[in-house]
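Have a look at the structure below, then the notes.
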Protein chains: 2
Amino acid sequence: MDRRTRQRLAIVEAIEKASGPVMPQEILRVAAANVASMNLSTVYRTLSRMVAEGVIVPVQLPGEPVRYERREAADTHHHHFRCTSCDSVYDLAGCVAGLKSLLPRGFKMIRHDITLYGTCRKCGA
Amino acid sequence: MDRRTRQRLAIVEAIEKASGPVMPQEILRVAAANVASMNLSTVYRTLSRMVAEGVIVPVQLPGEPVRYERREAADTHHHHFRCTSCDSVYDLAGCVAGLKSLLPRGFKMIRHDITLYGTCRKCGA
DNA sequence: CTAGTTGCAAAGCATTTGCCTGTGG
DNA sequence: CCACAGGCAAATGCTTTGCAACTAG
């Protein structure tokens, strides 16, 4: 990100303000509040760069468009929770043991993804 | 599936022959070998019906197009392994304990997805 | 100044849909 | 016969890209 443009600052701010992983559309919506001319292409291009720079990481949940979150949050191994009521995605600290026992012989595990679905605190009331 | 058409039979066969979850494109490729006029729209429409009828279930892996597998295979709780070398997807029997311990207080888990990545036996050699 | 950026429109993919023709029962 | 199916092309929704105009440094 060579230049500090209004657009980039607004996009970075939108991601940092978010409480969890956010989608490009959501970033556009928030960033457009500060920079009227904000464009979806700019959001996508900026996100690609930030991923390449390691500032943010893509969060892929099964069957949904990509979301992004700060790399800082991703430095500690974690997984995600998706509220089936409000569609928000939350980070979950920690992991589980025993994943390797699921592997058939001859298979080697390099990484894994876990997604939990259900209702978050807000929606569970 | 009211009618037994050549197309439907070929699509069903393609899914049953598969060694794991398969993508629509792959189904088209295999089914087209038997029915020359086979069309992607037909594949998609037939898959939708089969899902509605409960004959097959969609398998969603993070960041990839849907795959489908026989419901029979899905009746026993299982997860998936994706080979990062050949891109094949395999079913994994069993599950792990302790997922609920990842939940923050106030969150309720209804279901979960686990995807393991690495190299399969064929590619690991 | 001027290379890096942006906005806009067009292009890509995967998937869906409309519509008219074909066919299984 | 004729309602259900299929083929084809156009429409979607998300994401990427080409290109000319713009601007940060």
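Below, chain A is the first sequence line, B the second, and so on; all start at residue 1.
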- Item | From B:L99 atom CG to B:I114 atom CD1, the distance as rounded to the nearest 0.5 Å | 5.0 Å
- Message: Looking at C:dT6, I'd like to know if its phosphate oxygens (OP1 or OP2) sit under 4.0 Å from a side-chain N or O belonging to A:N39.
- Response: no
- Query: What one-letter contact string describes nucleotides 16-24 of chain D from 5' to 3', where B marks a base within less than 4.0 Å of any protein heavy atom, S marks contact via sugar-phosphate atoms alone, and - marks no contact?
  - Reply: BBB----BB
- Distance, rounded to the nearest Å, where A:E26 contributes CD and D:dC14 contributes C1': 16 Å
- Task: Starting from P on C:dT5, measure out to CE on A:M38 and report it in whole angstrom.
- Result: 14 Å
- Task: Kindly point out which of D:dA5, D:dC8, C:dT6 is positioned nearest to the side chain of A:Q7?
- Result: C:dT6
- Message: Tell me whether A:D113 is salt-bridged to A:R111, with the criterion being a basic N under 4.0 Å from an acidic carboxylate O.
- Response: yes
- Query: What does B:M23 touch in the nucleic acid at a heavy-atom separation under 4.0 angstrom: a base, only the sugar-phosphate, or nothing?
  - Reply: nothing
- Presence of A:S37 side-chain N/O under 4.0 Å of C:dG7 phosphate oxygens OP1/OP2: yes
- Would you call the rings of B:H112 and B:H79 parallel, tilted or perpendicular if under 30° counts as parallel and over 60° as perpendicular? tilted
- Message: If you define the side chain from C-beta out and look only at heavy atoms, does anything of A:R70 sit under 4.5 Å from A:M50?
- Response: no
- Query: What's the CZ-C1' distance between A:R49 and C:dT5, to the nearest Å?
  - Reply: 7 Å
- Item | Separation of atom CD in A:E64 from atom P in D:dG13, rounded to whole Å | 17 Å
- Would you mind reading off the distance between A:M50 atom CE and C:dT5 atom C1', rounded to a whole angstrom? 16 Å
- B:Y117 six-ring face occupied by B:R82 cation (under 6.0 Å, within 45°): no
- Task: Salt-bridge test for A:K17 and A:E13: reply yes if a basic N is under 4.0 Å from a carboxylate O, no otherwise.
- Result: yes
- Would you kindly give the CG-to-P distance between B:L9 and C:dT23, to the nearest whole Å? 16 Å
